[in-house]
Amino acid sequence: MAWDLSVDLIQATVQLEQPLGDGSRTVGTGFLIEDPTPDGRPRTILVTAAHVFDKMPSASAKIGYRIQGSDGVWRYDPHTLKIRDGDHPLWTKHPTRDVAAIVVEAPPEFAKAAIPLAWLAQDDTFNKYSLGPGDEMMALGFPRGLSANPAGFPILRSGRVASYPLAPASVFPTFLMDFSVFPGNSGGPVFMAEGARRRPGATESQEVQFVAGILTQQVELSGERLEIGIVTHAKYIRETVALIDQTAGPPIIQARPAKPTEPSTQAAAQAAAAVSATTVAVAR
């Protein structure tokens, strides 16, 4: 059956926000993944950049669900998401990467929009499709808290892979994308969705659709934005989700509305040039 990863990910991507005391708000992006519990029960997991939650000082945030009415019209319907129990974070954080995951109780119609974990790239995905610099990928997010429409759908952007090599992820845990990154984009999915990609030297084309990773940083040098995004490989999303079942903690409570490391040279260069992609105070 034909499927469109772009549309499916748009439906699974949500805005995360928390009001601040000065009338502004902290904004980030997240997306929902379907991953059953070890005993087979359905479970929805929200994935985002870990610094999105780290920069939210209060115990609860808003997760921007969208509801389609009987008339077919979509409306924005944010719910409250508890992210801390006192000083204890309720999310699971990857030990070395800027990735976080938290179990959520999404509305039934929204839980259906969660993408399967199997759609995330594996260790061999980039080599399997001979992907490299110059290939186009897309990203979803809420730049400066802006959505595509009043219903709260994310904005779709595209850019070219701007670094080499891309694999293995254990050696090169991040890669660069040539596109503008703004506050609010952090935590958004980066993916490839090509209906007819032809590998170099191949005579036939093939469909290539997968989530490549998560946007975690933008690159700045001496205060100048270079319009380059840093993407953390999907391998680390998979590892973070797997850690949920290994981490004991208090249950997730949500209020409902009325109803190995980088090579030293690469790590040093990126550390010197990168800043948190995108969770800063966004004026209302």
When rounded to the nearest 0.5 Å, the distance separating CG of L5 from CE of M138 is 7.5 Å
Review point. When you look at F110 and V104, which way does the side-chain contact (heavy atoms from CB on, under 4.5 Å) test go after all the steps?
Key: CA-CA 11 Å; F110 211 94; V104 298; over 6 Å; no
Any non-hydrogen side-chain atom of P173 less than 4.5 Å from a side-chain atom of Y236?
yes
Tightest non-hydrogen contact, residues Q18 and M56, listed as OE1-C, 3.2 Å
Here the gap from R75 atom CZ to I67 atom CD1, rounded to the nearest 0.5 Å, amounts to 6.0 Å
**Request:** Check the pair Q68 / E109 against side-chain contact (heavy atoms from CB on, under 4.5 Å), numbers first and verdict last.
**Result:** CA-CA 9 Å; Q68 187 175 28; E109 59 270 39; over 6 Å; no
Exercise. So do F53 and L90 actually touch side chain to side chain, heavy atoms under 4.5 Å?
Worked result: no
Taking C-beta and beyond as the side chain, do F191 and L140 meet within less than 4.5 Å on heavy atoms? yes
Answer yes or no: are there more than 12 heavy-atom neighbours, outside E227 itself, under 6.0 Å from its atom CD?
no
Between F142 and N185, the two heavy atoms sitting closest are N-ND2, 3.9 Å
Heavy atoms of K235 and D123 approach each other most closely as CD-OD1, 3.5 Å
Value for CG (L20) from OG1 (T26), rounded to nearest 0.5 Å, stands at 4.0 Å
One should read off an interatomic distance between I115 CD1 and L9 CG, to the nearest 0.5 angstrom, of 4.5 Å
The complete set of salt bridge (Lys or Arg N to Asp or Glu O under 4.0 Å) pairs with one or both residues in residues 153-172, sequence neighbours excluded, reads none
Here the ring-ring contact (aromatic ring centres under 6.0 Å, His included) pairs for residues 215-235, sequence neighbours left out, are F126-H233, F175-H233
Those residues at least two apart in sequence (or on a different chain) that pass salt bridge (Lys or Arg N to Asp or Glu O under 4.0 Å) with R66 are none
On a heavy-atom basis, the closest approach of T80 and S60 is CG2-CB, 3.7 Å
By salt bridge (Lys or Arg N to Asp or Glu O under 4.0 Å), D39 pairs with (sequence neighbours left out) R41
Could you check whether any side-chain heavy atom of T29 comes within less than 4.5 Å of a side-chain heavy atom of L215, counting everything from C-beta outward? no
The side-chain contact (heavy atoms from CB on, under 4.5 Å) partner of W91 among I244, D54, V52 is D54
- Item | Within-4.5 Å side-chain heavy-atom neighbours: F179 and V190 | no
One should read off an interatomic distance between L131 CG and M192 CE, to the nearest 0.5 angstrom, of 5.0 Å
Applying side-chain contact (heavy atoms from CB on, under 4.5 Å) to I228 and not counting sequence neighbours gives L176, V219, L226
Same cluster or not: are L81 and Y76 linked, directly or through other Ile, Leu, Val, Met, Phe, Trp or Tyr residues, by side-chain heavy atoms under 4.5 angstrom apart? no
E136 and S158 have their tightest heavy-atom pair at OE2-OG, 3.4 Å
### Message
For the backbone of A50 and the side chain of D98, can you confirm whether one donor and one acceptor N or O come within less than 3.5 Å of each other?
### Response
yes
Q: Flag the pair R238 / V241 as yes when at least one side-chain heavy-atom distance between them is below 4.5 Å, and no otherwise.
A: no
*Test item: E17 and P78 side chains (from C-beta on) under 4.5 Å apart, heavy atoms*: no
So, D135 side chain and G132 main chain: donor-acceptor pair closer than 3.5 Å or not? yes
Scanning both residues in full, the closest heavy-atom pair of T174 with T232 reads CG2-OG1, 3.8 Å
Going by heavy atoms in the side chains, are I214 and V99 under 4.5 Å from each other? yes
By ring-ring contact (aromatic ring centres under 6.0 Å, His included), F153 pairs with (sequence neighbours left out) W74
Here the gap from S58 atom OG to R84 atom CZ, rounded to the nearest 0.5 Å, amounts to 8.0 Å
| message | Treating T125 as the side-chain partner and Q122 as the backbone partner, does any N or O pair qualify as donor plus acceptor under 3.5 Å? | response | yes
